[in-house]
**Student:** 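Below is a structure I'd like to ask you about.
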Amino acid sequence: MYPEYLVAPMREDLTKVGFTELKNAEEVKNAIESEGTTFVMVNSVCGCAAANARPAAKMATKNSKTPDKFVTVFAGMERDAVDAARDYMLPYPPSSPSMALFKDGKLVHIIERHQIEGRPAQMIADNLAYAFDQYC
């Protein structure tokens with residue numbers, strides 16, 4: 001677990017643009033299993049989260065079609081919430097940062113860490129926009 005003062009700005013980076021933080025497994029279950037579309041960002045303290053993933057996620061919130069819900073869990077912090085989110089992302093291995101889109105509780109699109117590292121935020125945002133246009 002990281003000190004809260006360290007991760008607070010990283011949390012706020014997403015919550016200030018409309019993401020809801022999920023802090024436990026029940027909140028994750030309710031968000032993902034609800035009707036409609038839910039975008040889940042597994043946030044992280046790593047450099048690729050700061051340089052690529054969070055900026056891409058923020059850009060994607062401005063797409064003409066967006067999910068019903070934007071939610072986030074923080075790797076290395078709320079373990080139950082992160083583990084629950086990752087269970088819904090199976091068979092993909094745990095990855096942080098990562099991003100997943102669910103429709104009516106079913107995983108329809110995922111971006112893993114290896115697809116984030118070394119890629120510009122705009123490229124990742126374009127990938128998300130394509131998924132949003134297709135499923136939302």
Side-chain angles (χ1 to χ4, degrees):
M1 302 264 293
Y2 301 102
E4 184 57 38
Y5 72 85
L6 178 73
V7 301
M10 298 172 211
R11 291 181 191 275
E12 186 181 334
D13 202 18
L14 294 177
T15 59
K16 71 181 178 188
V17 297
F19 280 76
T20 300
E21 285 190 277
L22 306 178
K23 302 279 189 144
N24 60 56
E26 187 67 23
E27 290 176 348
V28 170
K29 178 180 189 264
N30 291 339
I32 292 175
E33 291 185 6
S34 63
E35 186 176 319
T37 50
T38 303
F39 177 72
V40 179
M41 164 83 188
V42 179
N43 204 349
S44 172
V45 298
C46 72
C48 66
N52 311 79
R54 286 193 301 271
K58 291 188 301 185
M59 284 185 238
T61 66
K62 295 177 170 71
N63 192 51
S64 60
K65 287 185 170 184
T66 58
D68 299 312
K69 292 184 281 306
F70 285 92
V71 300
T72 182
V73 296
F74 207 107
M77 295 301 287
E78 294 79 28
R79 175 164 287 209
D80 290 344
V82 174
D83 288 349
R86 287 177 170 162
D87 284 346
Y88 284 98
M89 295 175 194
L90 290 171
Y92 296 93
S95 175
S96 54
S98 62
M99 307 169 185
L101 181 64
F102 297 87
K103 184 169 185 168
D104 299 329
K106 305 275 190 268
L107 179 65
V108 293
H109 189 76
I110 191 163
I111 298 176
E112 300 173 90
R113 180 186 176 110
H114 72 88
Q115 297 165 306
I116 293 170
E117 290 177 306
R119 289 186 173 74
Q122 186 62 59
M123 180 184 286
I124 300 162
D126 290 345
N127 180 307
L128 292 171
Y130 178 80
F132 293 175
D133 288 344
Q134 187 174 4
Y135 295 106
C136 299

**Student:** Do Leu14 and Met41 touch side chain to side chain, with heavy atoms closer than 4.5 Å?
**Tutor:** yes
**Student:** Please answer whether the main-chain N or O of Thr37 pairs with a side-chain N or O of Asp68 as donor and acceptor at a distance below 3.5 Å.
**Tutor:** yes
**Student:** Charged N to carboxylate O under 4.0 angstrom, Glu117 versus Arg113?
**Tutor:**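 Arg113 and Glu117: salt-bridged.
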**Student:** When you measure from the side chain of Ser98 to the backbone N and O of Ile111, does any donor-acceptor pair fall under 3.5 Å?
**Tutor:** no
**Student:** Under 3.5 Å, is there a donor on one side chain and an acceptor on the other for Asn43 and Arg11?
**Tutor:** no
**Student:** Show, in sequence, the C-alpha distance, side-chain angles and deciding distance for Phe39 and Phe132, and conclude whether the ring pair (Phe, Tyr, Trp, His ring centres under 6.0 Å) test is met.
**Tutor:** CA-CA 9 Å; Phe39 177 72; Phe132 293 175; 5.5 Å; yes
**Student:** Counting only heavy atoms from other residues, nucleotides and ligands, does the tally under 6.0 Å from NZ of Lys23 exceed 12?
**Tutor:**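 Counting neighbours around NZ of Lys23, more than 12 heavy atoms of other residues, nucleotides or ligands fall under 6.0 Å, so yes.
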**Student:** Checking the side chain of Arg119 only, and the main-chain atoms of His114 only, is there a donor and an acceptor separated by less than 3.5 Å?
**Tutor:** yes
**Student:** Tell me if a side-chain donor or acceptor on Glu12 pairs with a main-chain N or O of Ala8 at a distance below 3.5 Å.
**Tutor:**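 Side chain of Glu12 to backbone of Ala8, a donor-acceptor pair under 3.5 Å: no, none is there.
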**Student:** Do Lys69 and Ser34 pair up side chain to side chain, a donor and an acceptor below 3.5 Å, judged on atom types alone?
**Tutor:**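 Yes.
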**Student:** Is there a donor-acceptor contact under 3.5 Å from the side chain of Glu33 to the main chain of Asn30?
**Tutor:**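 Here the side-chain-to-backbone pair does not exist.
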**Student:** Okay, side chain of Arg54, backbone of Ser44: is any donor-acceptor separation there less than 3.5 Å?
**Tutor:**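 Yes; at least one donor-acceptor contact below 3.5 Å.
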